[in-house]
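Notes to accompany the following structure.
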Protein chains: 2
Amino acid sequence: MSRQDGAMTSPRRRSATRSVTLQDVAELAGVSAQTVSRVLRVPDEVSPHTREKVETAIRDAGYVPNLSARNLASNRSKIVATVIPSLSASIFSETLTGLSSVLAPEGYQLLLGYTDYDDKREEELIRSLLGRRPDGFFMTGTLHSPAVVRMLTASGVPVVETWDWTDTPLDTLVGFSNEEAMYAMVSSLHEAGYRRPCFVGRLHKGDHRSRRRLDGYLRAVADHWPGAEPRVFDASEYPLTLEAGGRLLEVVRRLHPECDVLVFATDVFANGALLAAAERGIAVPDEIAVSGFGDFELSRLIRPGLTTVALPNTTIGQEAARMLLRRMRGEKPARPHVDLGFEIRRRASA
Amino acid sequence: MSRQDGAMTSPRRRSATRSVTLQDVAELAGVSAQTVSRVLRVPDEVSPHTREKVETAIRDAGYVPNLSARNLASNRSKIVATVIPSLSASIFSETLTGLSSVLAPEGYQLLLGYTDYDDKREEELIRSLLGRRPDGFFMTGTLHSPAVVRMLTASGVPVVETWDWTDTPLDTLVGFSNEEAMYAMVSSLHEAGYRRPCFVGRLHKGDHRSRRRLDGYLRAVADHWPGAEPRVFDASEYPLTLEAGGRLLEVVRRLHPECDVLVFATDVFANGALLAAAERGIAVPDEIAVSGFGDFELSRLIRPGLTTVALPNTTIGQEAARMLLRRMRGEKPARPHVDLGFEIRRRASA
DNA sequence: CAAGGTCATGTTAGCGCTATCGTCAGCGCT
DNA sequence: AGCGCTGACGATAGCGCTAACATGACCTTG
């Protein structure tokens with residue numbers, strides 16, 4: 001039985017009943033698909049009468065444009081891919097809010113991915129995000145694997161790196177120097193009379209910003225106490241929680257009893273240490289001083305107030321968004337690298 | 001690198017130099033595009049020898065599949081649209097982490113939108129998210145405008161509603177009852193001997209969960225103190241910050257001096273009130289007791305510890321993800337409505 | 001009043017991929 | 001030898017949309 005009977009070619013049909021399409025709306029309105037498309041994208045190029053007809057048809061049909069198809073045809077996705085290390089750390093939430101608040105009014109959507117401070121995951125993540133052909137790329141950090149650099153460069157997508165500083169950004173950069181900030185913090189502590197600091201932070205493989213803070217600490221120690229052996233405690237094994245900060249207070253004090261100020265790489269730990277100190281009757285700053293990094297709201301309200309570094313959490317997101325918007329319009333920003341700086345906040349804890 | 005030389009027929013050309021395509025890889029590997037596509041999707045259906053050739057070509061060409069095209073052709077997007085009220089509130093961050101941690105390994109990406117507790121924005125947001133033809137929809141809350149209900153229903157996308165409870169979910173539901181939780185809280189306070197509670201929360205138009213908590217409060221007051229006029233303070237005008245919690249402590253105490261326990265609708269305010277009380281020498285719980293809602297980490301470590309309601313923050317995200325995965329596979333979960341419950345945490349503040 | 005311009009709309013040809021079906025070699029079995 | 005089957009791969013026809021060009025009605029203008 002040969003299959004020669006295909007004379008009356010039944011056309012190949014795709015499977016499911018799909019949603020309402022442009023074509024459906026066009027037929028309903030009695031115009032061409034192109035006109036419907038124009039009503040959606042460039043309403044001014046359609047006569048008021050036709051436009052109204054089409055808009056009614058769109059509403060009646062409950063039409064929702066298929067953005068994948070639009071993306072494919074127009075080569076623009078209106079998506080900004082967003083890479084952050086962690087969702088839980090509230091600092092990034094604020095940055096995301098800033099980012100989204102500027103991008104959303106322009107019709108951009110955020111495609112979110114988090115790396116959990118893992119370089120390998122970052123690579124996979126970026127590959128899969130690139131698959132959506134985003135119009136822009138928001139990155140946390142400036143240190144990326146060669147593969148990541150290659151992919152991003154090859155893709156030609158506008159990129160903004162944030163939350164750090166580098167002299168060789170991929171494209172644009174909106175951040176501050178973690179190293180300088182920590183250097184300034186330690187200098188401030190030195191000036192305040194502290195003599196035996198100990199750095200406490202998560203020196204995770206993938207957490208490059210902590211590493212930079214350590215670099216700043218080491219440089220400051222070398223400058224202010226030449227020849228001294230810098231005290232450093234790697235808290236990689238500790239989760240990023242207040243409670244862990246409390247445990248770190250004890251552990252580090254046991255390890256370095258001579259230490260007079262704990263220089264935490266994040267306010268989370270520092271605040272946790274303050275809470276634990278209060279609980280256990282350890283006097284801060286008299287018995288041991290504490291400094292943080294990030295200036296959370298709690299750091300300002302807790303007693304003693306936490307001496308820390310204020311960072312431009314929200315501003316980073318907003319500025320990065322503006323930078324991306326300019327780049328996505330094809331402009332070459334005059335100053336593609338913006339240093340938003342930081343501020344030392346001296347409070348009672350040190 | 002021209003693909004085809006249309007010397008005579010200058011064919012219509014699309015604008016830009018686009019990225020590497022399947023076809024490019026196919027030519028490089030000396031196979032058809034279909035085979036490359038198979039290597040990507042169903043490697044088992046390709047002979048090992050061919051597969052290896054193609055994989056090499058993919059790597060050499062730096063090919064990144066265009067997921068918009070894939071989406072269009074296959075009618076599956078591997079995107080889960082995620083609607084949350086706010087990014088800043090850290091509770092949702094934890095839920096997002098849970099959601100993402102289950103979905104990412106299955107190849108799904110999160111398309112993120114936040115409504116800022118605004119019903120109108122929710123509507124626009126959902127429309128634009130639907131445009132990407134997501135495979136699943138994650139919603140915070142169970143109370144939506146008719147337009148939202150219509151759109152989601154018409155789209156046929158699997159939906160999971162969370163962070164609340166309803167008897168008429170759109171599709172699946174993973175949450176707990178805010179009303180019951182607050183009812184239980186107030187009952188517990190009643191049992192502890194408190195007699196003149198005052199509810200303090202943001203009764204924003206778009207913040208339906210706060211409203212439900214108020215409902216639970218009102219019902220509890222009616223049950224435990226029949227005939228009594230319930231004390232309620234609407235903190236809509238206050239930002240969701242610790243500092244605002246401190247101000248609320250003063251404002252509400254002035255307004256209701258007889259009140260013996262402040263029943264906050266969120267731990268943010270409650271913790272802020274505890275910090276302010278300590279600062280101003282107001283004794284908690286002797287002068288005024290305080291309860292919260294959410295059980296943040298701080299609530300456990302602050303002194304006095306905050307009496308509050310623990311919620312399944314992370315679990316909600318994970319369970320919701322599992323629910324969606326099942327629905328996206330076309331299964332009809334046996335129990336499409338999961339109540340994850342809550343727990344009253346009694347601590348020193350009340 | 002014909003040549004040229006403008007405006008609103010339609011027609012055509014893809015964008016890069018996958019679903020579907022077709023083909024063809026190789027196999028075991030009667 | 002002939003049959004049906006399987007496995008590996010290719011050819012074709014879209015998915016729903018937009019860019020680029022085409023058309024045709026209606027104005028100007030000299």
Side-chain angles (χ1 to χ4, degrees), chain A residues 1-6 9-27 29-54 61 63-78 130-133, chain B residues 3-4 6 9-27 29-51 53-54 61 63-78 130-133:
Chain A
M1 194 98 72
S2 66
R3 315 214 172 239
Q4 293 281 40
D5 54 350
T9 55
S10 80
R12 253 172 240 216
R13 268 288 149 80
R14 284 306 171 85
S15 51
T17 318
R18 305 203 173 208
S19 41
V20 184
T21 70
L22 249 200
Q23 190 58 45
D24 298 333
V25 175
E27 281 163 22
V31 298
S32 76
Q34 186 55 238
T35 300
V36 180
S37 173
R38 282 197 189 97
V39 169
L40 258 29
R41 294 176 298 114
V42 282
D44 292 348
E45 292 180 19
V46 181
S47 74
H49 174 244
T50 312
R51 194 193 312 159
E52 206 168 306
K53 255 193 329 188
V54 171
Y63 172 64
V64 180
N66 184 326
L67 300 183
S68 285
R70 172 178 290 181
N71 181 195
L72 189 57
S74 73
N75 209 17
R76 282 176 306 108
S77 63
K78 287 281 183 176
L130 272 178
R132 307 278 172 193
R133 299 295 187 268
Chain B
R3 276 205 220 130
Q4 267 180 5
T9 57
S10 113
R12 251 172 241 215
R13 270 286 153 80
R14 282 307 171 84
S15 51
T17 319
R18 303 199 173 211
S19 40
V20 183
T21 71
L22 249 199
Q23 190 58 46
D24 298 333
V25 176
E27 281 163 24
V31 298
S32 76
Q34 187 53 239
T35 299
V36 180
S37 174
R38 281 197 189 96
V39 169
L40 257 28
R41 294 175 300 113
V42 282
D44 292 347
E45 293 180 19
V46 181
S47 74
H49 174 243
T50 312
R51 194 192 315 160
K53 251 194 332 186
V54 172
Y63 172 65
V64 179
N66 184 327
L67 300 183
S68 284
R70 171 178 291 182
N71 180 196
L72 189 59
S74 71
N75 209 17
R76 281 175 308 107
S77 62
K78 286 283 186 175
L130 273 178
R132 307 278 171 196
R133 299 296 186 268

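Chain A is the first sequence line, chain B the second, and so forth, proteins listed ahead of strands; every chain is numbered from 1.
Of the candidate nucleotides dG16(C), dA19(C), dC17(D), dC17(D) has the atom nearest to the side chain of R70(A). For V46(B), the side-chain atoms get nearest to dC9(D) when compared with the rest of dG14(D), dA19(C), dC9(D). When distances run from any side-chain atom of S74(B) to the nucleotides dA19(C), dC17(C), dC17(D), the shortest one goes to dA19(C). Distance from the side chain of T50(A) is smallest to dT9(C) among dC15(D), dT9(C), dT18(D).
Each of P48(B) and A69(B) was assigned the nucleotide of DNA chain D with the nearest heavy atom; the assignment lying further toward the 5' end belongs to P48(B).
With rounding to whole Å, R76(B) atom CZ is found 15 Å from dC17(C) atom P. Rounded to whole Å, the distance from CG on N75(A) to P on dT18(D) is 13 Å. Counting to the nearest Å, the P atom of dG16(D) and the CZ atom of R132(B) are 17 Å from each other. Between the CZ atom of R133(A) and the P atom of dC17(C) there is a distance of 7 Å, rounded to whole Å. In this structure, K78(B) places its NZ atom 17 Å from P of dC17(C), rounding to the nearest Å. Across the protein-nucleic acid pair, L72(A) atom CG and dG16(D) atom C1' stand 9 Å apart, rounded to whole Å. Q23(A) has its CD atom 13 Å from the C1' atom of dT12(C), to the nearest Å. Taking atom CG on L67(A) and atom P on dG16(D), their separation rounds to 14 Å, with Å as the unit.
Contacts of residues 29-40 of chain A with DNA chain C (heavy atom under 4.0 Å): V31(A), S32(A), Q34(A), T35(A), R38(A).
At the phosphate of dC9(D), OP1 or OP2 sits under 4.0 Å from a side-chain N or O atom of S47(B). At the phosphate of dA19(C), OP1 or OP2 sits under 4.0 Å from a side-chain N or O atom of R41(B).
A side-chain contact (heavy atoms from CB on, under 4.5 Å) with V31(A) holds for exactly one of V25(A), V39(A), T50(A); it is T50(A).
Of the inter-residue distances, the one linking R70(B) atom CZ with S68(A) atom OG reads 12.0 Å to the nearest 0.5 angstrom.
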